[in-house]
Amino acid sequence: MSSSPRIYLDYQATTPVDARVLEAMKPYFTEQFGNPSSISHEWGWRAQAGVDRARDQVAHGIGATSREILFTSGATESNNLAIQGVARAYETQGKHFITTRVEHKSVRDVFLYLEKKGFTVTWLDVDAQGCIDLEDLKRAIRKDTVMLSVIFANNEIGTIQPVKEIGKVCKEHKVFFHTDATQAAGKLPISVEEMGIDLLTFNAHKIYGPKGVGALYVRRKSPRVTLEPLVFGGGQERGLRSGTLNVPGVVGLGAAVELYERERTSERERVGKLADGLFEKLKDAYPDIKRNGHPSERLIENLSLAIPGVDAEALVGDLPGIAFSSGSACSSASLEPSYVLESIGLSEKQCQGTIRLSLGRFTTEAEIAIVTRGLIDAISRIRAKNRV
Ligand SMILES: *Cc1c(COP(=O)(O)O)cnc(C)c1O
């Protein structure tokens with residue numbers, strides 16, 4: 001190859017900041033640099049106004065009220081605050097939690113920690129498409145069940161859970177419902193009311209906002225959810241998350257949510273077509289390639305592909321200019337096979353042969369054409385090498 005292309009297809013790992021989001025943030029680094037807690041002067045008021053506006057934008061994006069939104073340092077912190085915060089607040093009423101086998105590590109590892117601290121956790125299985133079974137859920141609920149935590153849309157395979165139905169079951173049984181919606185918020189229409197969600201996590205950097213900022217929605221009525229804080233100090237965020245807010249980041253999160261609300265329909269349609277087109281071309285070339293996840297209830301930008309006879313690491317190595325992830329995706333720092341892929345029934349071999357491509361707002365048709373060609377050639381090279 002002469003000059004290798006540089007194409008980013010890892011939007012589910014992170015996204016670039018949209019120029020329009022950056023524009024909204026900029027003044028809050030320089031002129032409007034005040035501390036929103038400074039209530040005695042204009043600098044503080046201006047910063048507070050920026051935060052208020054962002055809180056309204058975020059609340060509007062999920063059909064919540066502004067007072068139900070807490071700002072955090074990201075989805076990992078939001079998940080920790082939601083789960084540990086509820087666990088500590090309701091400890092005397094119950095110590096049983098339910099979650100799934102396909103959670104992001106920032107949910108999974110919190111529950112593993114709680115198990116060590118004397119809480120009981122039921123881990124729901126998923127079917128071959130990555131969905132939980134509502135009957136399993138109903139059976140798992142006990143008298144002392146405090147909360148269910150389910151990932152809204154999966155970061156590895158893109159499967160979207162039947163959130164509305166899950167919310168209904170939780171309401172009927174008076175169990176709190178938390179969802180890690182980091183891969184869904186913004187991209188999919190969400191209404192915490194219609195979906196019966198009590199706590200909801202997401203961040204800015206998966207939706208064209210900055211890294212290091214996130215939100216947690218906490219329901220205030222019917223039912224009201226109480227949390228114990230994890231971080232103590234100046235009492236910001238109604239005492240639930242002390243520390244001076246990342247004001248430019250918060251403003252960026254608000255702007256990112258609002259942008260998506262305006263452009264969601266057209267963007268999703270375009271990106272979905274590109275992803276489907278790429279898959280069809282690969283499938284034409286290699287009919288044995290399988291797309292993991294649910295055929296229709298899925299994030300349209302996600303292409304989790306099991307490619308028989310190909311080692312994902314080798315494929316990544318063969319296409320240095322193209323950014324995508326191999327098997328274990330988010331946690332590719334560790335080389336263990338992905339527990340998400342194992343949960344949908346993939347063998348170790350199949351896990352090793354799985355790649356995740358994720359498209360986004362700035363993916364072009366020209367890029368997809370190059371990637372299609374590149375993948376087809378690389379797979380053929382690797383398979384030829386394996387045959388000798
Ligand atoms: C990226 C991601 C997280 C972690 O988000 P950070 O803001 O980087 O902490 C949590 N959950 C899901 C589903 C994610 O995709």
Side-chain angles (χ1 to χ4, degrees), residues 8-17 21 58 62 69-85 99-113 126 130-132 149-161 163 178-188 190 197 199-217 230-231 241 243 245-246 248-250 252-254 256-257 260 292-294 298-304 323-325 328-334 338-341 343 356-360:
Y8 187 79
L9 288 186
D10 209 6
Y11 280 83
Q12 286 188 279
T14 195
T15 60
V17 174
V21 171
V58 168
I62 57 170
I69 303 298
L70 299 175
F71 290 119
T72 67
S73 66
T76 298
E77 186 188 340
S78 293
N79 284 336
N80 271 269
L81 179 55
I83 300 164
Q84 295 194 57
T99 189
T100 80
R101 295 203 187 277
V102 293
E103 297 303 309
H104 186 268
K105 275 206 156 239
S106 57
V107 166
R108 180 185 176 91
D109 283 18
V110 182
F111 281 121
L112 290 173
Y113 166 76
V126 295
C131 281
I132 65 162
S149 183
V150 174
I151 189 165
F152 198 118
N154 192 271
N155 48 302
E156 290 190 41
I157 56 173
T159 298
I160 298 169
Q161 299 293 340
V163 171
H178 167 247
T179 182
D180 176 357
T182 310
Q183 293 285 346
K187 303 175 190 172
L188 309 175
I190 292 180
I197 296 165
L199 299 104
L200 180 142
T201 289
F202 71 102
N203 68 16
H205 80 90
K206 304 277 170 76
I207 55 168
Y208 310 93
K211 292 167 186 60
V213 61
L216 178 64
Y217 157 78
L230 304 182
V231 178
R241 203 277 184 174
L245 280 178
N246 171 1
V250 163
L253 174 58
V257 170
Y260 242 133
N292 297 318
H294 197 284
R298 63 154 46 261
L299 291 173
I300 46 96
E301 70 271 42
N302 170 286
L303 278 170
S304 171
F324 59 98
S325 46
S328 59
C330 235
S331 53
S332 50
S334 68
S338 148
Y339 53 79
V340 172
L341 298 177
S343 303
R356 183 190 70 180
L357 308 161
S358 43
L359 287 62

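None of the values given here were measured: they were computed from a predicted structure. Atoms within each ligand, like the ligands themselves, are counted from 1 in listed order. Values reported hereafter were calculated over all heavy atoms of this structure, with side chains retained and with hydrogens, waters and symmetry mates removed.
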Is the shortest N/O to N/O distance between Q12 and ligand 1 below 3.5 Å?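 No: no nitrogen or oxygen of Q12 is under 3.5 Å from one in ligand 1.
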Do any nitrogen or oxygen atoms of A153 lie less than 3.5 angstrom from nitrogen or oxygen atoms of ligand 1?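 Not met; the criterion fails.
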Evaluating non-hydrogen atoms only, which member of N203, T14, N80, D180 is closest to atom 13 (C) of ligand 1?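 Among N203, T14, N80, D180, the closest heavy atom to atom 13 (C) of ligand 1 comes from D180.
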Nearest heavy-atom neighbours spanning [X] and [Y]:
X: V102; Y: N154; value: O-ND2, 2.8 Å
X: A181; Y: F152; value: CA-CB, 3.7 Å
X: C131; Y: I160; value: SG-O, 4.1 Å
X: N246; Y: G212; value: ND2-O, 3.6 Å

Using a heavy-atom cut-off of under 4.0 Å, does the side chain or the backbone of S106 touch ligand 1, or both, or neither? side chain
Need the ligand 1 atom indices (1-based, order shown) with element for anything under 4.0 Å from a heavy-atom of [X].
X: T76; answer: 4 (C), 5 (O), 6 (P), 9 (O)
X: G74; answer: 7 (O)
X: I151; answer: 13 (C)
X: K206; answer: 1 (C), 2 (C), 3 (C), 14 (C), 15 (O)
X: H205; answer: 6 (P), 7 (O), 8 (O)

For H178 and S149, does a side-chain donor sit closer than 3.5 Å to a side-chain acceptor?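 Present: a donor and an acceptor within the cut-off.
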Consider side-chain hydrogen bond (donor to acceptor under 3.5 Å, both in side chains). Of E301, K206, Q183, which one does Q12 pass it with?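 Considering E301, K206, Q183, a side-chain hydrogen bond (donor to acceptor under 3.5 Å, both in side chains) with Q12 is found only for Q183.
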Option from T182, N203, T201, D109 for which side-chain hydrogen bond (donor to acceptor under 3.5 Å, both in side chains) with N79 holds: T201
